[in-house]
Amino acid sequence: MPELPEVETTLRGIAPHLRGACIDRLLVRERRLRWPIPADTERRVRGQRILGLDRRGKYLLLELERGTILIHLGMSGSLRIRAADSPPAKHDHLDLCFQGGQCLRLRDPRRFGVFLWTPEPPAEHPLLAHLGPEPLEPGFDGDYLYARARDRRCAVKPFIMDAGLVVGVGNIYANESLFRAGIHPARACNRIGRERYWRLAAAIRAVLTSAIEQGGTSLRDFVRDDGSRGYFSLSLQVYGRAGEPCPGCSAPIRLRRIGQRSSFYCPRCQT
DNA sequence: CCGGACGCCTGTCGGC
DNA sequence: TGCCGACAGGCGTCCG
């Protein structure tokens, strides 16, 4: 579910509630997420203040006085601020409860998400250590993509979805970015020129920025911290639109699996 | 080292 | 209406 814009939207929603808050307790109802939540996690985080929040790729970071909580929403995760004494719904796997009666509640039906406390600097954690650059920060540009594509042979779509290359670009935004850049998703990444990679880098930044401004994309289960839905779905040009006319040339949008993921593209506009 | 396939889970949707 | 397979926004691991 959540790609970079959804995670950023979540971060902006919860940060005002969490910054400076003191953790009263962690209530875990279901430990079996992507990796089981270790039994000592409750003890590790209890009584600690949240000094700050950050995002790295699709990971949310809660910086504590000692250590950091890493949260990943997987395919179906969402976070909401609730009263700690409100009844949990199905798949509400844990509450991070604060002094004052509020809690951060994680819902994740498919349980592909992550909730881990780590004592080390988050950048050194094995899950984060090999991540590529942030697409919205300096250093991510056409030259970077071009250089990294020299020794690769895969299709450009799985190339830009590789978190070791650049973080945060999932299936929806990969499809949308390639459409805006006019690049066919199955084109070999080493057969794209520097010029076109500059267009692609710009497209990725524009799509992600626009999606963040619109609160992310709500297809089915993504909700913001206050329960509202993002409306970038209204701006999707190709994702989920197989058979519909291309917004540019009216040719029917095509659907095809590339790298085990559904890929939507215009066969005329994207080469 | 790379690329491709697989598996982890539950929910939903379309076809029969 | 019910059943069954396919598919879903991610990603670590395994295999060739």
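Proteins get letters first, then strands, A, B, ... in listed order; numbering begins at 1 in each. Scope of the values below: all heavy atoms of this structure, side chains included, with no hydrogens, waters or symmetry mates.
Nearest heavy-atom pair across A/R256 and A/Y265 is CD-OH, 3.7 Å.
Across the interface with DNA chain B, nearest-nucleotide mapping of A/R32 and A/Q260 shows A/Q260 to be the residue nearer the 5′ end.
Side-chain proximity of A/H91 to B/dT10, C/dG9, B/dC2: nearest is B/dT10. When distances are taken from the side chain of A/L127 to each of C/dG12, B/dG11, C/dG10, the shortest belongs to C/dG12. When distances run from any side-chain atom of A/C154 to the nucleotides B/dG4, C/dG12, B/dC9, the shortest one goes to B/dG4. Nearest nucleotide to the A/E6 side chain, out of C/dG9, C/dG12, B/dG3: C/dG9. Nearest nucleotide to the side chain of A/N171, out of C/dG9, C/dG12, B/dG11: C/dG9.
Of the side-chain N and O atoms in A/K90, none sit less than 4.0 angstrom from OP1 or OP2 of B/dT10. Proximity of A/R111 to the phosphate of B/dT10: a side-chain N or O atom is located under 4.0 Å from OP1 or OP2. Applying the 4.0 Å criterion to OP1 and OP2 of B/dC8, one finds that A/R34 has every side-chain N and O outside that range. Checking the phosphate oxygens (OP1, OP2) of C/dG9, no side-chain nitrogen or oxygen of A/Y173 falls inside 4.0 Å. Distances shorter than 4.0 Å separate some side-chain N or O of A/R257 from OP1 or OP2 on C/dA8.
Residue contacts for A/F159: at a heavy-atom cut-off of 4.0 Å it reaches no nucleic acid atom on any strand shown. Using a 4.0 Å heavy-atom distance criterion, A/R107 is classed as making no nucleic acid contact.
The distance from atom CZ of A/R261 to atom P of C/dC11 is 9 Å, rounded to the nearest whole Å. Rounded to an integer number of Å, the gap from CH2 of A/W35 to C1' of C/dT13 is 10 Å. Distance, A/L73 CG to B/dC9 C1': 16 Å, rounded to whole Å. Taking atom CG of residue A/D108 and atom P of nucleotide C/dC11, one finds them 13 Å apart after rounding to whole Å. Atom NE2 in A/H72 sits roughly 8 Å away from atom P in C/dG10 (whole-Å rounding). In this structure, the CG atom of A/L33 is 15 Å from the P atom of C/dG12, given to the nearest Å. Nucleotide C/dG12 holds its C1' atom 14 Å from the CE atom of A/M75, rounded to whole Å. If you measure from atom CG of A/L4 to atom P of C/dG10, you get 11 Å, rounded to the nearest angstrom.
Taking the 5.5 Å centre cut-off and the 30° plane limit, the aromatic side chain of A/F112 is classed as stacked on B/dC8.
Annotation: A/Y239 is not in aromatic contact with A/F232 [ring centroid separation under 6.0 Å not met].
Taking the charged nitrogens against the carboxylate oxygens, A/R29 and A/D95 do have a contact shorter than 4.0 Å, which makes a salt bridge. Under a 4.0 Å N-O distance rule, the pair A/R56/A/E134 qualifies as a salt bridge.
If you check B/dC9 for Watson-Crick or wobble pairing at under 3.5 angstrom, you find it has no partner at all. When Watson-Crick and G-U wobble pairs are counted only if both distances are under 3.5 Å, C/dG9 pairs with no nucleotide at all.
A donor and an acceptor atom, one from each side chain of A/R105 and A/S86, are located under 3.5 Å apart.
One P atom belongs to C/dC3, the other to B/dC9, and the distance between them is 24 Å to the nearest Å.
By the 6.0 Å contact criterion, CZ on A/R191 is open, its count of non-hydrogen atoms from other residues, nucleotides or ligands being 12 or less.
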